[in-house]
Each structure stands twice: as C-alpha cells, then as structure tokens.
Amino acid sequence: MSRQANGAEAEEQAQANANAKDAGFLFAQVRSTISNMPTNILFITTDQQHFSLLGVDNPHIKTPALDRLARQGALFRRAYCPNPTCTPTRASLITGQYPSSHGAWSLGTGLDAGALCVGDVFQKAGYDASLIGKAHFLPLGHDTTPGGFGLSVEAQPILRDLKYWREFHGPWYGFNHIELTRNHADESHVGQHYALWMEEKGLKNWRDYFVEPNAAGYGSTPCKEGTWKLPAEYHYTAWTGERTRARLEHCAARQQPFFLWSSYHDPHPPYLVPEPWASMYDPADMPIGKYTPGEMDDMPLAHRMVKDPKADFSIFKETPWGNHGYQHHICDEDRMRKQMAIYYGMMSFIDHEIGKTLDKLDELGLAKDTIVCFTTDHGHFLGHHGLTAKGGFHYEDLIRLPFIARWPGHIAPGTENHAIQSLVDMPTTFLSACGLDVPLRMQGVDQTAVWEGKKDKARDGAFIEFRHQPTVIHLRTYVNARYKLTIYRDSDEGELIDLETDPGELVNHWADPAYKDVKAELMAEMLNAELKREVMPRPRVAGA
C-alpha cells in the first residue's frame with residue numbers, strides 16, 4: 001500500500017476518532033476496556049412524536065441531546081410501532097407481544113394484571129426495574145380484564161388520592177418501583193406521584209392549572225394550543241427528568257444493575273407548554289404537512305371520507321366511545337403552524353431533560369455499562385396527507401418512529417442503520433443484550449446482532465395492527481424493505497404502497513394490474529410472517 005494511501009487512511013481514522021471523542025466515546029478503546037459489570041438499560045420514550053423531530057435530520061428543530069446520542073450510537077431509519085395508539089403499543093413494550101396476543105388491543109382496554117412482563121425477568125436477575133412517567137396500560141375507567149386490578153389505578157378517583165400514592169410505588173406490571181402520572185398538558189386525569197411532587201416543591205394549588213374531573217371521574221380538555229401558565233419547573237417533563245435521575249442515583253448508590261423506563265408524556269396534544277418553550281419557535285417557520293388533491297381517490301372508504309365535510313362517520317361507531325381519527329380532517333393551515341410550533345417546543349423541553357440525564361449517567365460512571373435506547377410509542381399527523389393526530393391511517397408519518405440506540409463497545413458511534421425494527425422487539429433485545437433468557441411467549445426478535453453490525457437484518461418486515469372496534473375498524477399492515485401492504489377485515493379494499501418509487505405515499509397500487517404479482521408475493525410473505533410470529537409458550541417435552 002502506498003504512503004499516500006496510508007496517509008489518507010490515517011487522516012480518515014483521525015477524523016473518525018475526533019467524531020467519536022466529540023460524542024464522548026472512543027469506540028476502539030471502549031471495546032478493549034469494556035467492563036465485566038452487568039449491562040444496564042435506560043429506555044427513554046416520548047409520546048406521539050413524528051419521526052422527523054430530530055435535529056440531526058430537521059434544521060427547524062433543536063434537539064442537541066438527542067443529536068449527541070445519535071453521534072454516540074446508531075440512528076435507525078426503519079423503526080415501526082406495533083399499533084399507532086398508546087395502550088396497545090405500550091403494553092407491547094413490556095410484554096414483547098403484539099396487541100392481538102397480549103389483549104390490550106385498543107385504547108380503552110387494559111393489560112391483564114397477570115401478564116408476564118420484561119421487568120419480571122430483570123427482577124429475577126437482580127435488576128432494579130423502574131418506570132418513571134407515563135404508563136397507560138389501563139383505561140380511564142374500570143379494568144375488567146381477567147385478574148385485573150378492579151378500579152383502575154390510572155383513573156379517578158384513585159388518580160388524585162394522594163394518600164394512596166404516598167404508599168404505593170409497586171410492584172406493578174413487572175416494575176418493582178413506579179412513579180406515575182397519566183395526563184397530557186392540563187387534562188383532568190392528573191395526580192399520582194406527579195401531584196405529590198408538585199406539592200413537595202411548594203405548588204400546593206396545582207389543581208388550579210388543570211381541568212377538574214367531571215361527575216364520571218374525568219373530563220376532557222378543549223383542543224387548545226399556546227402558552228401554559230404552569231411554571232416550567234413544575235411541569236411533568238421536568239418531573240420525569242428529575243425523578244429519572246434520582247432513580248439512577250439510587251441504583252448507583254446500591255451498585256445495582258437497572259432496567260429503567262423513562263417515559264415522557266409529550267409532544268402528545270393538547271399543544272400546550274410553559275415558557276420559554278412556548279415561544280421558542282416561530283409558527284411562520286413550521287413545515288406543516290400537505291394534502292395532495294386526489295391522493296385519497298383510490299384509498300379505502302375512511303380515507304376518502306376524511307376530506308368530505310358531509311361524510312357520516314357513524315357507520316364506524318359500534319360502541320358508545322369515539323374512534324380516534326375517524327372524523328373529518330379539515331385543517332386550518334395557520335392554526336396548524338401554531339400547533340406545530342408548540343409541538344416543537346414540547347419536544348425541545350424533553351430534549352433538555354434528556355441532556356441532563358445523559359450527563360448524570362456520565363457523572364455516575366454508568367454510561368459505559370448502559371444501553372441507552374430512545375424512541376416513541378407512535379407517530380403523529382400535522383397536516384400530512386391532510387390528517388391530524390392519529391387513527392387507522394397507516395402512513396409512515398404515524399407508524400414509523402425516531403429510534404436511537406447507544407451501546408458502548410458494541411454499537412459503532414455515528415452510524416445509520418436501515419434494518420427494520422419493531423417496538424415489539426425491545427423486551428427480547430434488552431434481555432438478550434443483558435445475557436438473560438427470553439420467555440418463549442415473547443414474539444419479538446433479537447436485534448442485538450443487527451445493532452452490533454454483525455447481521456444485516458433480524459426481520460424481513462414489521463406488522464402494524466389497528467382495531468378500534470369489534471368488527472368495522474380492524475386492519476393490519478405489513479411493511480418490508482420496499483412495500484407496504486394493508487388489509488381490512490371483511491373488505492375487498494386495501495392498500496399497496498411502493499415506498500421506493502412513491503416515498504410520499506400518494507398512489508395506492510392495490511387494484512393496479514401492473515402490481516398484481518407484487519401483491520400476490522406480499523400476501524404470501526405476510527402470511528408466512530404471521531406464522532413466524534405465532535408464540536410457543538412452552539417447549540415440547542414428550543412424544544405424546
């Protein structure tokens with residue numbers, strides 16, 4: 001090899017080392033000096049975050065802490081949720097099962113109290129298993145699941161029974177320690193450990209900043225946007241960050257390995273946040289999503305109805321409860337920009353707290369032995385395809401996620417990875433990374449070899465489920481490296497999107513003769529993937 005080539009290689013290596021040093025890690029040195037300490041897991045999530053809300057991709061938003069995390073680890077471009085609503089996906093994150101298997105198949109359902117959760121396995125191995133922030137495993141009402149908790153601890157009146165929360169920190173769904181609050185912004189279902197914290201901080205009149213529950217035990221908050229008068233130091237984002245860091249200190253003092261889920265509540269609507277975050281972004285600069293005229297013409301019925309102000313959505317209502325997303329989506333662009341500016345501010349506030357948590361890991365000497373994984377439970381529409389919030393519309397904006405993983409000595413800093421990830425994989429992957437046995441009933445795949453760069457992929461595609469009502473709203477999506485296929489129960493309609501030629505998802509090829517063979521191949525691939533995710537909760541031990 002020539003001297004010139006050697007020089008270029010040395011210069012390239014020097015730059016790589018400089019980048020790693022900027023991130024706080026010299027990968028080669030960490031790999032050679034990796035300790036024998038147990039691997040910790042710090043799992044950080046947001047709620048309803050569009051995948052574009054990372055500063056590394058988006059010049060309109062400031063997320064310096066998450067940008068730093070991406071430089072120190074890997075940014076995964078093809079991560080998906082198992083369901084684009086909160087309860088089903090969050091239950092998947094602790095059970096490693098799809099909603100159709102763990103039973104919390106929709107909002108307003110509950111996860112069985114007897115479910116085997118990832119924290120149970122970690123605890124048996126001597127780990128501290130803690131959840132700080134939002135849970136949402138139970139409905140705002142009575143939990144009627146077999147072996148359930150009776151009156152939900154995530155509903156009124158228990159939410160504001162502060163005596164109860166002073167005494168209760170677990171065990172709960174595999175966590176030996178919990179600190180919870182349920183609300184978003186000023187919603188009425190506030191209380192739990194967060195309310196106790198506000199009082200301990202001196203905000204005795206915290207109820208003045210939140211909507212009061214109605215006679216049924218909870219009340220809705222108007223769809224609003226703007227500056228919240230609650231001081232930022234009393235906000236639940238500050239609470240989640242502070243209590244996360246306190247738990248890290250607790251585990252460090254005891255020299256106990258940990259599985260810690262730091263679960264932030266925003267940027268989920270209502271679009272409401274205190275200063276200085278409320279005015280951090282100018283609405284005029286917000287790149288809201290757009291509707292392309294005619295793009296819904298070949299889509300299934302609900303898609304076609306959302307832009308029709310005269311459409312009757314009662315045909316989708318089988319129960320007394322509403323259906324997220326199944327209503328008219330008529331967007332006022334000026335208001336959407338104002339909402340988006342607040343949405344960005346909510347995310348930057350979270351990033352600020354995440355930065356302090358990453359600093360705390362360094363301060364406690366825990367960073368080298370800790371996997372830090374960041375993602376969200378599902379995405380969000382801000383005018384994309386003319387839609388708002390969420391629902392049974394499986395565009396990438398809703399089902400694709402921001403996803404970052406840092407694992408010193410295992411994940412090369414500053415890398416990008418396009419292998420498909422599913423949130424249902426997280427329990428399996430976390431346990432495997434810590435050298436622990438994975439329960440047979442978990443349906444996720446082990447992504448550790450992919451994260452370490454030893455395998456190109458661990459799965460061919462991802463499933464996304466959505467079922468808001470018993471029969472009329474029931475669909476399932478399968479997405480692979482190029483295509484996305486969605487089928488609807490008892491319907492001839494469906495979706496086939498070619499993400500390679502149509503990344504904006506404007507053309508449905510379901511009935512396109514030119515895609516007939518592709519559709520057949522995808523159907524077969526989807527059916528095979530369905531068979532592969534079937535659980536075998538116990539091994540065969542005898543011939544008969």
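Please read all numbers here as calculations on a predicted model, not as lab measurements.
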K.L.:
Sequence neighbours left out, what passes side-chain hydrogen bond (donor to acceptor under 3.5 Å, both in side chains) with Tyr80? Give chain and number order.
P.N.:
Arg78, Glu396
K.L.:
Run the salt bridge (Lys or Arg N to Asp or Glu O under 4.0 Å) test against Arg467 and tell me which residues pass, sequence neighbours left out.
P.N.:
none
K.L.:
Test of understanding: with ring pair (Phe, Tyr, Trp, His ring centres under 6.0 Å), list the residues that count as partners of Phe43, not counting sequence neighbours.
P.N.:
Trp261, Phe430
K.L.:
Between Tyr194 and Asn183, do the side chains contain a donor N or O and an acceptor N or O under 3.5 Å apart?
P.N.:
no
K.L.:
Test the Lys307-Tyr291 pair against the cation-pi criterion, namely NZ or CZ under 6.0 angstrom from the six-membered ring centroid and within 45° of the ring axis.
P.N.:
yes
K.L.:
Going by side chain to side chain donor-acceptor pair (under 3.5 Å), name the pairs with one or both residues in residues 295-306, residues two or more places apart or in two chains.
P.N.:
Glu295-His385, Arg304-Glu493
K.L.:
Applying ring pair (Phe, Tyr, Trp, His ring centres under 6.0 Å), name anything that partners Phe313, two or more places apart in sequence or on another chain.
P.N.:
His328
K.L.:
Identify, with sequence neighbours excluded, every residue that meets salt bridge (Lys or Arg N to Asp or Glu O under 4.0 Å) alongside Asp334.
P.N.:
none
K.L.:
Salt bridge or not for Glu500 and Arg482, using N-O below 4.0 Å?
P.N.:
yes
K.L.:
Evaluate Trp510 against Leu485 for side chain to side chain contact (heavy atoms under 4.5 Å, CB included), listing each step before the verdict.
P.N.:
CA-CA 8 Å; Trp510 177 263; Leu485 183 73; 3.7 Å; yes
K.L.:
Between Glu212 and Arg160 (salt bridge meaning N to carboxylate O under 4.0 Å), is one present in this structure?
P.N.:
yes
K.L.:
Decide, yes or no, whether a salt bridge links Arg337 with Glu225 under the criterion of side-chain N to carboxylate O below 4.0 Å.
P.N.:
no
K.L.:
Answer yes when Glu416 and Arg77 have at least one side-chain N-carboxylate O distance shorter than 4.0 Å, and no when they do not.
P.N.:
yes
K.L.:
Sequence neighbours left out, what passes side chain to side chain contact (heavy atoms under 4.5 Å, CB included) with Val445? Give chain and number order.
P.N.:
Asp425, Gln447, Ala458, Arg459
K.L.:
For Thr240, give me all partners under side-chain hydrogen bond (donor to acceptor under 3.5 Å, both in side chains), at least two apart in sequence or on another chain.
P.N.:
none
K.L.:
Below 4.0 angstrom, N of the basic side chain to O of the carboxylate: do Glu187 and Arg182 qualify?
P.N.:
no
K.L.:
Which residues satisfy the ring pair (Phe, Tyr, Trp, His ring centres under 6.0 Å) test with His268, sequence neighbours excluded?
P.N.:
His184
K.L.:
Give the intermediate values and the outcome of side chain to side chain contact (heavy atoms under 4.5 Å, CB included) for residues Met526 and Phe463.
P.N.:
CA-CA 9 Å; Met526 184 179 188; Phe463 275 104; 3.8 Å; yes
K.L.:
Is the ring pair Trp172/Phe137 parallel, tilted or perpendicular, if the boundaries are 30 and 60 degrees?
P.N.:
tilted
K.L.:
Is a salt bridge present between Asp460 and Lys457, judged by a nitrogen-to-oxygen distance below 4.0 Å?
P.N.:
yes
K.L.:
Can you list the residues that meet the ring pair (Phe, Tyr, Trp, His ring centres under 6.0 Å) rule with His136, with sequence neighbours excluded?
P.N.:
none
K.L.:
Could you pull out all residues at least two apart from Thr237 that satisfy side-chain hydrogen bond (donor to acceptor under 3.5 Å, both in side chains)?
P.N.:
His235
K.L.:
Please list, chain by chain and in numerical order, all residues satisfying salt bridge (Lys or Arg N to Asp or Glu O under 4.0 Å) with Lys390, sequence neighbours excluded.
P.N.:
none
K.L.:
Taking the side chain as every heavy atom from C-beta outward, state whether Lys516 and Lys519 have any atom pair closer than 4.5 Å.
P.N.:
no
K.L.:
I would like to know whether Asp47 and Tyr264 meet side chain to side chain contact (heavy atoms under 4.5 Å, CB included); could you show each step before the answer?
P.N.:
CA-CA 7 Å; Asp47 194 326; Tyr264 289 91; over 6 Å; no
